[in-house]
Colleague: 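Have a look at the structure that comes next, please.
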There are 2 protein chains.
Amino acid sequence: MTRQLDDVDRTILRAMTADGRQTVRALARAVGLSEPSVRERLQRLERDGVITGYHAALDPASVDAATAAFVALRFEPGEAAKAVVNERLARETCVLEVYEVAGEDCYWLKVRASGTDALADTLDRIRAIPPVRGTSTTIVLRTVFERPLGPDTGPA
Amino acid sequence: MTRQLDDVDRTILRAMTADGRQTVRALARAVGLSEPSVRERLQRLERDGVITGYHAALDPASVDAATAAFVALRFEPGEAAKAVVNERLARETCVLEVYEVAGEDCYWLKVRASGTDALADTLDRIRAIPPVRGTSTTIVLRTVFERPLGPDTGPA
DNA sequence: GTTGAAAGAGCATAGTT
DNA sequence: AACTATGCTCTTTCAAC
């Protein structure tokens, strides 16, 4: 089982998901503990894999990735086929997320590209992966909001 | 139009999406420029909104959010209804992403919860939003991979 | 774009309770 | 687990080039 988090841990996680570049000192002030204590907790959260990393978030339009789409991907059954698909999808820089979903025998992908042309190119390459049987693409017209996973997400 | 990024900018963005907590000094070594230059570029990228923030990434299981699902949400047309839906969805901590998609007259949501029970509770609350007409939920069985948006994402 | 300097802030490692 | 105390690194802001 995963380690239990207390209120201080959750405060740290809340603060670091909101601003991942703030100093340990600022963090210590936020939680009301000394700097070494907070540092130790932070390091433990990193060691235990609760915090998996820190990432700069980019504006999609500024990096030429304004067009988002979801792609349902059907492909031949079998572990070998799945391995091929996984490996090829990993090489597609426009494919940001890949999920195996229930209900339909397929993957769902989140893709970002500069526009519909680049999206079409990516889809062409995906359809060229041998085990792939077909795709069904849903274009995102507008992002209403996106937020990072936080310590208060799961519990209803 | 958005400002054009050069190779140095892209290297900085690549490094900061991979490790958002590294020091400016380390960044400077990575790009092969002096510290003040890199600092200035980083600040400009932040000011211009290319970098929208820095966030700690959390392990879903460790924060009790192991179950992911996509929800197609149909609701009554009209701006007023949309405003109500947006506001209520923003209050749902399990709802991490909301997109307006083409093809079907609805939203697509990405939801994370501790399990199917908490997911069902969230869906109950979403269905209780007045303009909402129905939902269609697809459970994620496995996350194949997820990666942050980077400077090389968009261009095919 | 560069180097160099100097003050302050932050970090890491102790040793203690 | 928490604290204080310490030396060291990094940041930040100058200047001058």
Side-chain angles (χ1 to χ4, degrees), chain A residues 1-59 62-64 148-155, chain B residues 1-65 148 150-152 155:
Chain A
M1 188 46 189
T2 57
R3 198 170 58 77
Q4 194 64 15
L5 305 173
D6 65 13
D7 286 343
V8 175
D9 290 326
R10 269 187 289 270
T11 305
I12 291 174
L13 294 176
R14 217 170 286 125
M16 291 305 275
T17 47
D19 177 9
R21 238 179 123 70
Q22 69 186 289
T23 63
V24 175
R25 185 163 295 190
L27 207 53
R29 282 190 281 257
V31 306
L33 288 183
S34 75
E35 206 180 303
S37 313
V38 171
R39 174 185 312 285
E40 195 184 334
R41 278 174 179 268
L42 189 62
Q43 288 173 341
R44 199 186 41 195
L45 289 167
E46 293 166 356
R47 254 202 331 272
D48 293 352
V50 178
I51 296 176
T52 59
Y54 301 91
H55 309 284
L58 309 186
D59 170 52
S62 299
V63 291
D64 227 14
L149 174 64
D152 311 303
T153 299
Chain B
M1 188 48 188
T2 56
R3 196 172 57 79
Q4 194 65 13
L5 304 172
D6 65 13
D7 286 343
V8 175
D9 290 325
R10 271 187 288 271
T11 305
I12 291 174
L13 294 176
R14 217 169 287 126
M16 292 305 275
T17 46
D19 178 9
R21 243 179 117 68
Q22 67 187 291
T23 63
V24 175
R25 186 163 295 191
L27 251 188
R29 282 190 281 256
V31 306
L33 288 184
S34 74
E35 210 178 301
S37 315
V38 172
R39 177 186 312 285
E40 192 185 337
R41 279 173 179 268
L42 188 61
Q43 288 172 342
R44 199 185 42 194
L45 289 167
E46 293 167 354
R47 257 201 328 272
D48 293 352
V50 179
I51 295 176
T52 59
Y54 301 90
H55 309 283
L58 309 186
D59 170 53
S62 299
V63 292
D64 228 13
D152 310 305

Colleague: Going by number, which of residues 18-31 of chain A have a non-hydrogen atom under 4.0 Å from DNA chain C?
Modeller: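 Close to the strand are A:Thr23, A:Val24, A:Arg25.
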Colleague: Give a yes or no on whether the backbone of B:Gly49 and the side-chain of B:Thr52 come within a donor-acceptor separation of less than 3.5 Å.
Modeller: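 Side chain of B:Thr52 to backbone of B:Gly49, a donor-acceptor pair under 3.5 Å: no, none is there.
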Colleague: Out of curiosity, B:Met16 CE to B:Leu42 CG, how far, rounded to the nearest 0.5 Å?
Modeller: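 Going from the CE atom of B:Met16 to the CG atom of B:Leu42 covers 5.0 Å.
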Colleague: Under 4.0 Å between a side-chain nitrogen and a carboxylate oxygen: does that hold for B:Arg41 and B:Asp9?
Modeller: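 Answer for the salt bridge query: yes.
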Colleague: With rounding to the nearest 0.5 Å, note down the distance linking CG in A:Asp152 to CZ in A:Arg10.
Modeller: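 It is 8.0 Å, given to the nearest 0.5 Å.
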Colleague: Just so I know, are the side chains of A:Ile12 and A:Val8 near enough to count as touching, which here means a heavy-atom distance under 4.5 Å?
Modeller: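 Of all side-chain heavy-atom pairs linking A:Val8 with A:Ile12, at least one is under 4.5 Å.
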Colleague: Would you compute the distance between atom CZ of B:Arg14 and atom OG1 of B:Thr11 and round it to the nearest 0.5 angstrom?
Modeller: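 Between atom CZ of B:Arg14 and atom OG1 of B:Thr11 there are 5.0 Å.
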Colleague: For A:Glu35, which contact category applies under a 4.0 Å heavy-atom criterion: base, sugar-phosphate, or nothing?
Modeller: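 Contact class for A:Glu35: base.
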Colleague: Between P on D:dT11 and CD on B:Glu46, what's the gap in Å once rounded to a whole number?
Modeller: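 After rounding, the reported distance stands at 13 Å.
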Colleague: In the structure I gave you, are the side-chain heavy atoms of A:Leu5 and A:Leu45 within less than 4.5 Å of one another anywhere?
Modeller: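 The answer is yes; the side chains approach within 4.5 Å.
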Colleague: Dot-bracket, DNA chain C: Watson-Crick or G-U, under 3.5 angstrom, [ ] crossing, | other strand?
Modeller: |||||||||||||||||
Colleague: Could you write out each protein N or O paired with an N or O of nucleotides 13-17 of chain D at a distance under 3.5 Å?
Modeller:
none

Colleague: Looking at B:His55 and A:Gly20, would you say the former's side chain and the latter's main chain have a donor-acceptor pair under 3.5 Å?
Modeller: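 Looks like no, no N/O pair under 3.5 Å.
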Colleague: Taking the side chain as every heavy atom from C-beta outward, state whether A:Gln4 and A:Asp6 have any pair of such atoms under 4.5 Å apart.
Modeller: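 Counting from C-beta outward, A:Gln4 and A:Asp6 never come under 4.5 Å.
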Colleague: Would you mind reading off the distance between B:Leu42 atom CG and D:dT12 atom C1', rounded to a whole angstrom?
Modeller: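 Result: 13 Å.
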Colleague: With a cut-off of 6.0 Å (strictly less than), are more than 12 heavy atoms of other residues, nucleotides or ligands near CD of B:Glu40?
Modeller: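 Counting neighbours around CD of B:Glu40, 12 or fewer heavy atoms of other residues, nucleotides or ligands fall under 6.0 Å, so no.
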Colleague: Could you tell me how far apart A:Glu40 (CD) and D:dC3 (C1') are, to the nearest whole angstrom?
Modeller: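 In whole Å, D:dC3 C1' and A:Glu40 CD are 12 Å from each other.
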Colleague: To the nearest angstrom, how far is B:Asp9 atom CG from C:dG1 atom C1'?
Modeller: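 So the CG-C1' distance, B:Asp9 to C:dG1, works out to 14 Å.
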Colleague: Is any side-chain heavy atom of B:Leu58 closer than 4.5 Å to one of A:Ile51?
Modeller: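 A side-chain contact under 4.5 Å exists here.
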